[in-house]
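Scroll down for the structure; my scribbles are underneath it.
Values below: every heavy atom of this structure, side chains too, minus hydrogens, waters and symmetry copies.
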Amino acid sequence: MDRVRTAEPVPPTDPVSPLRPRRRLAAWAAGLLLAVPALVTGCRLLDTDAVTPVPQLLSLLPWLTVPAGLAVLLAAAARRRALSLVAVVVLAATAWTLLPYGPDTTTAHGPVVARLRVLAANVEFSRATAALISTIRLEHPHLVLVSECDPACGRALTTAFAAELPHHASVEGAGSTGSVLLSAYPLRDRAALPAAMGMPGATAEIGGRSVRVQLAHPLPPLPRQVHRWKRELARVRDAAARHTGGPLLLAGDFNASQDHAALRAVLDAGRLHDAARLAGAARTPTWPAEGPLPPYVQIDHVLVSDDFTVRGVRFPHLAGTDHRAVLADLDLHTGR
C-alpha cells in the first residue's frame with residue numbers, strides 16, 4: 001500500500017514586504033533632501049552666515065522650500081512619523097524665512113522737502129555703460145551710483161550728463177574696481193570706504209538737508225574670500241552705525257541678500273530700510289540677469305534711513321551686465 005505524501009505547508013506571503021524596500025528608499029531620499037534646507041535655514045535662524053558653503057547657499061534660501069516640500073511627501077510615503085515631523089518643521093521654518101525682513105514702513109515725519117529718483121547699477125566691467133546712459137536719459141534720476149565703472153566709463157557718464165548730473169565722486173580703477181557717484185545736487189565731504197572694489201561716498205545737499213550718500217560694493221562671497229566679504233560688509237555696517245547726524249542713503253551691489261546676516265547687520269546698525277521691501281518687492285531677483293540661469297536672488301539694493309519714504313521701486317534691465325539695476329523714487333522729509 002502506497003503511503004500518501006502530503007505537501008509541505010507554504011508560509012503565507014507578507015503582502016507588505018515588497019513595499020518595504022521602497023519605503024526605506026523614500027526615507028533615505030527624504031533625509032538627503034532635508035540636509036541642505038535644514039543646514040541653511042538653521043544658520044538663517046541663528047543669524048549667522050557661517051562658512052562655505054553656507055553664504056553661497058543662503059542666496060538660494062527661498063528655493064530650498066522645494067526640496068523641503070519633496071522631503072515631506074517622501075517621508076509621508078515612507079510612513080516614518082518622526083521623519084515626517086522633522087520634514088514638516090524644516091519646511092515650515094524655511095517658508096518662514098521667506099517673509100520680508102524689517103518693518104514695512106519708515107517713521108518719516110514732517111513735510112516732504114524733496115522728491116528724488118535714485119538709480120543703482122552694476123555695469124559689469126563697464127560693458128553696460130551705453131545701456132546705462134540710455135536708461136539715465138529715459139528715467140532722469142537725481143543720484144546715480146555705478147559699480148564696476150572703469151575710467152573710460154566714468155568719463156562717458158560725466159561727459160554725457162555734465163548738465164543734468166554735474167557733481168560726482170569716484171574711485172578710479174580698472175575692471176571691477178572702479179565706481180562713480182553722479183549727483184544733481186552739490187556734493188561735499190567726499191570719501192571712500194576701504195575695499196577691494198570702489199565704494200565712494202559724499203554728502204549731498206538736498207532740499208536744505210545734508211544727506212550722506214554711500215555706494216556699496218563689497219567682494220562677493222566666493223569660497224576662498226568669505227572672510228573678506230564679511231570684513232567689507234562690516235565696514236559698510238560700521239559706516240552706517242557711525243552716521244547719526246541726518247539722512248543716510250546706501251545703494252549698490254551688496255553681493256548679499258536679506259537672508260545674509262551681514263546685510264541684516266547693515267540694516268540694523270544704521271536703522272535702515274530696504275526700499276524694495278517698502279515697495280513690496282523684497283524678493284524681486286536682480287542677479288544673474290544674463291546667462292543660462294534666470295535671476296534668483298536680490299543682491300542690489302537701495303537702503304534708506306527713516307528720513308525717507310518710498311513711492312516706488314523698479315528694476316530696469318541693462319544690456320551687457322549680469323545685474324538688474326534698482327530705480328527708487330523717494331521722498332525726503334524734514335524730520336520735524
Side-chain angles (χ1 to χ4, degrees), residues 13-104 220-224 226-227 229-230 233 254-268 274 276-277 280-288 291-301:
T13 301
D14 184 356
V16 180
S17 59
L19 297 179
R20 286 178 179 171
R22 297 180 186 177
R23 290 175 181 167
R24 192 177 303 113
L25 181 62
W28 273 102
L32 291 174
L33 285 171
L34 282 176
V36 171
L39 169 66
V40 177
T41 300
C43 289
R44 170 66 175 83
L45 296 176
L46 292 172
D47 201 34
T48 177
D49 292 324
V51 297
T52 297
V54 173
Q56 297 82 14
L57 291 173
L58 278 166
S59 298
L60 296 167
L61 184 56
W63 306 100
L64 294 183
T65 53
V66 175
L70 290 174
V72 171
L73 297 177
L74 288 170
R79 297 186 181 180
R80 302 293 178 89
R81 292 183 180 180
L83 182 60
S84 296
L85 177 60
V86 171
V88 168
V89 169
V90 172
L91 176 60
T94 305
W96 177 84
T97 65
L98 303 187
L99 295 173
Y101 183 74
D104 60 1
L222 299 178
R224 293 187 178 183
V226 167
H227 64 290
W229 168 75
K230 289 181 178 180
L233 274 169
F254 285 76
N255 278 311
S257 73
Q258 71 166 43
D259 297 313
H260 289 102
L263 181 63
R264 296 194 301 276
V266 174
L267 290 165
D268 294 343
D274 194 320
R277 160 54 174 143
R283 288 290 182 183
T284 302
T286 63
W287 186 87
L293 294 176
Y296 61 82
V297 62
Q298 185 181 106
I299 60 175
D300 302 88
H301 309 274

I need the minimum non-hydrogen distance between [X] and [Y], along with the two atoms involved.
| X | Y | value |
| --- | --- | --- |
| Ala27 | Leu83 | O-CD2, 3.6 Å |
| Asp49 | Ala261 | OD1-N, 2.8 Å |
| Pro37 | Leu33 | CD-O, 3.0 Å |
| Val72 | Leu91 | CG2-CD2, 3.9 Å |
| Val90 | Ala68 | CG1-CB, 4.5 Å |
| His301 | Ser257 | NE2-CA, 4.2 Å |

Find the distance between [atom1] ([X]) and [atom2] ([Y]) and round it off to the nearest 0.5 Å.
| X | Y | atom1 | atom2 | answer |
| --- | --- | --- | --- | --- |
| Tyr101 | Leu267 | OH | CG | 7.0 Å |
| Thr94 | Leu34 | OG1 | CG | 9.0 Å |
| Gln258 | Thr97 | CD | OG1 | 8.5 Å |
| Leu70 | Leu32 | CG | CG | 12.5 Å |
| Leu39 | Arg44 | CG | CZ | 14.5 Å |
| Leu64 | Leu98 | CG | CG | 9.5 Å |

[X] side chain near [Y] side chain, heavy-atom distance below 4.5 Å:
| X | Y | value |
| --- | --- | --- |
| Ser59 | His260 | yes |
| Trp96 | Thr41 | no |
| Val297 | Trp287 | yes |

Sidechain-backbone polar pair: Ser84 side chain, Ala75 backbone, donor-acceptor under 3.5 Å:
yes
Would you say Trp229's side chain and Ala262's backbone share a donor-acceptor pair under 3.5 angstrom?
no
Do Thr52 and Arg224 pass the side-chain contact (heavy atoms from CB on, under 4.5 Å) test, and can you show the C-alpha distance, the side-chain angles, and the key distance before you say yes or no?
CA-CA 8 Å; Thr52 297; Arg224 293 187 178 183; over 6 Å; no
Check Arg264 with Asp274, please: is the shortest side-chain N to carboxylate O separation under 4.0 Å?
no
